[in-house]
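What follows is a short report on a single structure.
Residue numbers begin at 1 in each chain, while the letters A, B, ... track the order of the sequences. None of these values were measured; they are calculated from a predicted model.
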Protein chains: 2
Amino acid sequence: MQTEFTTLTLADQVEAKIISYIEDRGLKPGDTLPTEFELVNTFGVSRNVVREAMSRLRMLGLIQTRPKRGIIITEPPLLNGLKKVFNPNLFKLQTIKEMMGLRIALEVGISDFIFNNRTEKLIEELEQIVAQQKNISIDMLSVEDEMRFHTKIYEMAGNQFIIQLNEIIQPIFVFARQNYQSNFAPVNNQLRDSNEIITHEDLLCLIRENRKNDYREAIRTHLIPYWEFISNKTV
Amino acid sequence: MQTEFTTLTLADQVEAKIISYIEDRGLKPGDTLPTEFELVNTFGVSRNVVREAMSRLRMLGLIQTRPKRGIIITEPPLLNGLKKVFNPNLFKLQTIKEMMGLRIALEVGISDFIFNNRTEKLIEELEQIVAQQKNISIDMLSVEDEMRFHTKIYEMAGNQFIIQLNEIIQPIFVFARQNYQSNFAPVNNQLRDSNEIITHEDLLCLIRENRKNDYREAIRTHLIPYWEFISNKTV
DNA sequence: ATCGTTTTATTTGTCCTACAAATAGAACGA
DNA sequence: TCGTTCTATTTGTAGGACAAATAAAACGAT
């Protein structure tokens, strides 16, 4: 499992053993793990090593530690790790494109969820957002307005995990617009010329009128610029 | 940010500061961080604390450490953290349903990707998989056959991140079939009675014949049992 | 006897020192 | 100039010490 450039430290090993320990015994949130001293004895390593390993699991939200009480297993927030490493500066273009791809797939894929969860209140909130957005140039909204609209769409879908995932990967779009602006403009112009642009207003309208099938088609069209971005081999 | 039940340890604080340090300076993979001793001095904490924080970032794949060379920033594998905490035993039902939801959304959402990436080779591989699968009861495949088919579908979509995400959340379906089997049977029967079942053979056929629009509809139908599972409030 | 308070023992959080192991870079030599 | 050896630096691991928190036990008053 270990590649030739990484060495497996004792902390790595202890960490893996603890994770296995939890899985193998089918432990559940609320159950306790052995104390640091017991772990030191069973693994035959220094307390430092055990503490490094536990520190990692603690960060991931897999355990909680309290003096005297010991180490308690908790239901982990699933995206803690992703959130911490999500820094577009560190990503190569391929990764950025894959994030775009994920976003397209999710937003197309949640269409059914939206219409299943649709409430008057949510629609009104979406109307508010659409009403307040301003074009900064022709058919071009500010990043913030874009984010606000799409975030609300995810909210309507109602899946907390997907909502969080969207929140975490949002910065990718700010980043892409800042760094690859030129890649979006031509597609937009082309779409406008052929009168194919689907605006937020259009999407809102379809949601309000409960036109599920039309929405599924429309959201795909709306996302075409991103699709072009990830398909463009020359960027 | 700190809730009333969690205390922010020094390691938590140092970890956060290092992450900000990387973001604020716009550091990139290959760049180096200060040495442990320098961090000890700048933060005024013990080496232990610094090491706990770096140990976490190391685990996430954000940095690499080597004697004499110091601490080097790397492009982080995005799903390291999720992979480590992904243990269905620890999840409440709501979380399991959300994972199901994610899977449905993704699999519906990647339809366009599949037809964009479709190659003769991949189609043949999918044919192989479908040819080798065996019914364990009427219209019911083994978990392994299910996995093999859908994993190949994700592979056809070609998005590495989504492929990894699918690999990580796979255990949820094994888990759900083992623990909530009874929730799938009635839906399946109902679908069979109304002759609405879409099999893997049907999906393969649509892919082979390049019938993109039909596939988009078919995959939604194919996933109805899962949809019912997550919509069922009484489970 | 019960309830509230104090004490005690345990456990994690932090600091420190020491040494081993790896290695980048300098010094050296052919 | 190139390959080798040496040196200094840096991370990895060990172990000891004490502080802080707190669960559980002991205690005391009503």
Starting the side chain at C-beta, find the nucleotide from [options] nearest to [X].
X       : options                : answer
B/Val45 : D/dA14, C/dC15, C/dT12 : C/dC15
A/Lys68 : C/dA9, C/dT23, C/dT14  : C/dA9
A/Phe37 : C/dG13, D/dT13, C/dT12 : C/dT12

Under a 4.0 Å threshold between the charged nitrogen and the carboxylate oxygen, would [Y] count as salt-bridged to [X]?
X        : Y        : result
B/Lys152 : B/Glu155 : yes
A/Lys134 : A/Asp145 : no
A/Asp12  : B/Arg58  : yes

Using only side-chain N and O atoms of [X], determine if any of them is under 4.0 Å from OP1 or OP2 of [N].
X       : N      : result
A/Arg58 : C/dG13 : yes
B/Thr65 : D/dG12 : yes
A/Arg69 : C/dT12 : no
B/Ser46 : C/dC15 : yes

Expressed in angstrom and rounded to an integer, what is the separation of [X] atom [atom1] from [N] atom [atom2]?
X       : N      : atom1 : atom2 : answer
A/Leu8  : D/dG12 : CG    : P     : 12 Å
A/Met54 : C/dT12 : CE    : C1'   : 11 Å
A/Leu39 : D/dA14 : CG    : P     : 14 Å
A/Glu15 : D/dT13 : CD    : P     : 13 Å
A/Asn41 : C/dT11 : CG    : P     : 12 Å
A/Glu52 : D/dA14 : CD    : C1'   : 12 Å
B/Glu38 : D/dT9  : CD    : P     : 12 Å
A/Arg66 : C/dT10 : CZ    : P     : 19 Å

(message) Using ring centroids (six-membered ring only for Trp), state whether B/Phe91 and B/Phe86 fall under 6.0 Å.
(response) yes
(request) Check whether any side-chain heavy atom of A/Arg148 sits under 4.5 Å from a side-chain heavy atom of A/Thr151, and report yes or no. (result) no
(request) Return yes if the base of D/dG15 and the side-chain atoms of A/Asn48 contain a donor-acceptor N/O pair under 3.5 Å, otherwise no. (result) yes
(message) Return whichever of A/Arg47 or A/Pro67 has its heavy-atom-nearest nucleotide of DNA chain D closer to the 5' end.
(response) A/Arg47
